[in-house]
Number of protein chains: 2
Amino acid sequence: MTSAKQRRHQGVLEILRETGKATVNELGMRLGVTEMTIRRDLEMLENDGVLQRFHGGAKLAFGSSYEPPFPVREKINADRKRLIGERVASLIDDGDAIILDGGSTGLAVAEVLVDREVTVCPLSLRVAWAFARSSTVNLIMPGGSVRPAELSLSGADTIDYLRGHHFDAYVMTASGISLQHGFTEWNADDAAVKKAAVGVADRVVAAVDSSKMNRVGFVKICGIDVPAAIVTDAEMSAEDLNHLRNQAEDVIVAG
Amino acid sequence: MTSAKQRRHQGVLEILRETGKATVNELGMRLGVTEMTIRRDLEMLENDGVLQRFHGGAKLAFGSSYEPPFPVREKINADRKRLIGERVASLIDDGDAIILDGGSTGLAVAEVLVDREVTVCPLSLRVAWAFARSSTVNLIMPGGSVRPAELSLSGADTIDYLRGHHFDAYVMTASGISLQHGFTEWNADDAAVKKAAVGVADRVVAAVDSSKMNRVGFVKICGIDVPAAIVTDAEMSAEDLNHLRNQAEDVIVAG
DNA sequence: TCATTCGAACAGAAATAATGTTTGAATTGA
DNA sequence: TCAATTCAAACATTATTTCTGTTCGAATGA
């Protein structure tokens, strides 16, 4: 269940996306709360680096030309990501041992898995932290170096660790998915880890939101037909879905 | 502030320490709550590995004393721990690669190291998270399973990882320090990891606040003379300090 | 078998978090 | 500089969550 506060935060971001900026008073009016509440919201969102406050109101923190940093991606399209997370989690059985990728989509999956009885090996410190206070999840960490910003685990140690173990499933995310080039990743270190993960898991479940479609990263992870299931959101175009379904094992639209 | 539940958990453990074991009914009577509440407490404490339930009651898992949970320890003596943290950090050179123990003292060291140029291999997820937003620290994770509550990393994978690497220093914490028994730890898994860490680091720096003095845990980590330096706080008694200085390489009082 | 213990499901109580109000300080623009 | 506005601390009030007790059918063990 999403709390009133979370919905309101999404509302603030939505309004800012429409108009670029907004006053505290305006936000309070449109969302039906007092200015003080809006101020507290803005303070939190600014701490997350999602927006920038100015005297009287706030504006979005990033320009449209750069890819927004993690805290921002995490908040944007939170609803769609949550749906993907729930759908992916439904493909995991209690008792399974899984590898769980990092990124905002991986985190969405983690949030659903927190109350499940599963063994999780996260490929990101951020995802690991999401399980920290879970009493049901058996958390195991792969070794390796932590890449700043994304907090993903990579390097020879990570790959060695994966090769030394076996998992029921690998919940994979990627920078891009394309019919021609399959699943791809911008960061070469992360891609190497993902390739190793594909190799040590019985089955692969890909979780990619529609914004990744037809984007191609630098390094190929695996082909379209490798995952037993590809879970995406309802914004995926009908055309793309058809093409995917021709080549992939199973394509699931969450929501 | 300690919650009623925390006090009651301590009470359960205290009673068990007196008598070795106790019935659910007995615990409920003495602590002034219903049996259902005791059952829920026992379930949680069993999950933490502190005690073992049997039909009708529970007994201690080891014949052990039990430390207050992390959030409590973290707050207790926060100032003294910070001083210890600063002093320990001054013994680490820029560029060093170190292993950093978990626990509240380890976290205090981490908070000081956050802005330093060092490579850190933390033995706890909680300590790792403290470095997550550091741009100067090169963070590397050991593999292994994450123990609930403490979030420490342990098991064969952790030990394998440490044995496969080499470090300039190991910042060690412990459950107890005593002249006769050296450094000791309550949890056997953690102790095994600590022993391995001692073996792969050029030098060991022990960070132990005065409350650990003359307490003896279940498993021995190493002798008093192993660390190149023992850092403690000003509450350590003059007598204990003298005894320590006779046996240890170097004893430093922070503050 | 039969007394006892266990734990799920629900209800009420206690504790915590979120929001609104008031107020005086800080900021802005004329 | 002032006057108007915005800001945020402190407290009051309201929601929400967590905790505890109760009941009751299932599980346990002598």
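Computation of the quantities below employed the complete heavy-atom set of this structure, encompassing side-chain atoms and omitting hydrogens, waters and symmetry-equivalent molecules.
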Checklist entry - Considering only heavy atoms, which members of residues 19-30 of chain B lie under 4.0 Å from some atom of DNA chain D? => result none

Checklist entry - Once you round it to whole Å, what is the distance between P of C:dA14 and CD of B:Gln6? => result 19 Å

Item to check | Worked check of side chain to side chain donor-acceptor pair (under 3.5 Å) between A:Asn25 and A:Thr23 | outcome: CA-CA 5 Å; A:Asn25 180 274; A:Thr23 67; 5.1 Å; no

Next on the checklist: If I take atom CD in residue B:Glu43 and atom P in nucleotide C:dG7, what distance separates them, rounded to the nearest angstrom?
Outcome noted: 7 Å

Checklist entry - Hey, does the side chain of B:Arg8 come within less than 4.0 Å of D:dT20's phosphate (OP1/OP2), counting only N and O? => result yes

Checklist entry - Any Lys/Arg nitrogen of A:Glu86 or A:Arg82 sitting under 4.0 Å from an Asp/Glu carboxylate oxygen of the other? => result yes

Checklist entry - What integer distance in Å separates B:His55:NE2 from C:dA3:P? => result 15 Å

Checklist entry - Expressed in angstrom and rounded to an integer, what is the separation of A:Arg39 atom CZ from C:dT27 atom P? => result 14 Å

Next on the checklist: In this structure, how many angstroms lie between the P atom of C:dG20 and the CG atom of A:Leu31, rounded?
Outcome noted: 11 Å

Checklist entry - Are A:Thr34 and C:dT19 close enough that a side-chain N or O sits under 4.0 Å from OP1 or OP2? => result no

Checklist entry - CG of B:Leu51 to CG of B:Leu45: how many Å apart, nearest 0.5 Å? => result 5.0 Å

Checklist entry - How close or far is atom C1' of C:dA17 from atom CG of A:Asp41, stated in whole angstroms? => result 14 Å

Item to check | Nearest-0.5 Å distance, CG of residue A:Leu125 to CE of residue A:Met141 | outcome: 5.5 Å

Next on the checklist: Just the rounded figure in Å: distance from P of D:dT18 to NE2 of B:His9.
Outcome noted: 15 Å

Item to check | Distance test, side-chain N/O of B:Arg53 to OP1/OP2 of D:dT28, below 4.0 Å | outcome: no

Checklist entry - Does one side chain, of A:Asp233 or A:Ser210, offer a donor that lies under 3.5 Å from an acceptor on the other? => result yes

Checklist entry - How close or far is atom C1' of C:dC6 from atom CZ of B:Phe54, stated in whole angstroms? => result 14 Å

Checklist entry - What's the closest nucleotide to the A:Met36 side chain, out of C:dG7, D:dA9, D:dC7? => result D:dA9

Item to check | Residue pair B:Ser175 / B:Glu185, side-chain donor-acceptor N/O under 3.5 Å | outcome: yes

Checklist entry - Between A:Arg40 and B:Glu35, which is nearer to the 5' end of DNA chain D once each is assigned its nearest nucleotide? => result A:Arg40

Next on the checklist: Please tell me whether A:Ser90 and A:Arg87 have a donor and an acceptor in their side chains that are separated by less than 3.5 angstrom.
Outcome noted: yes

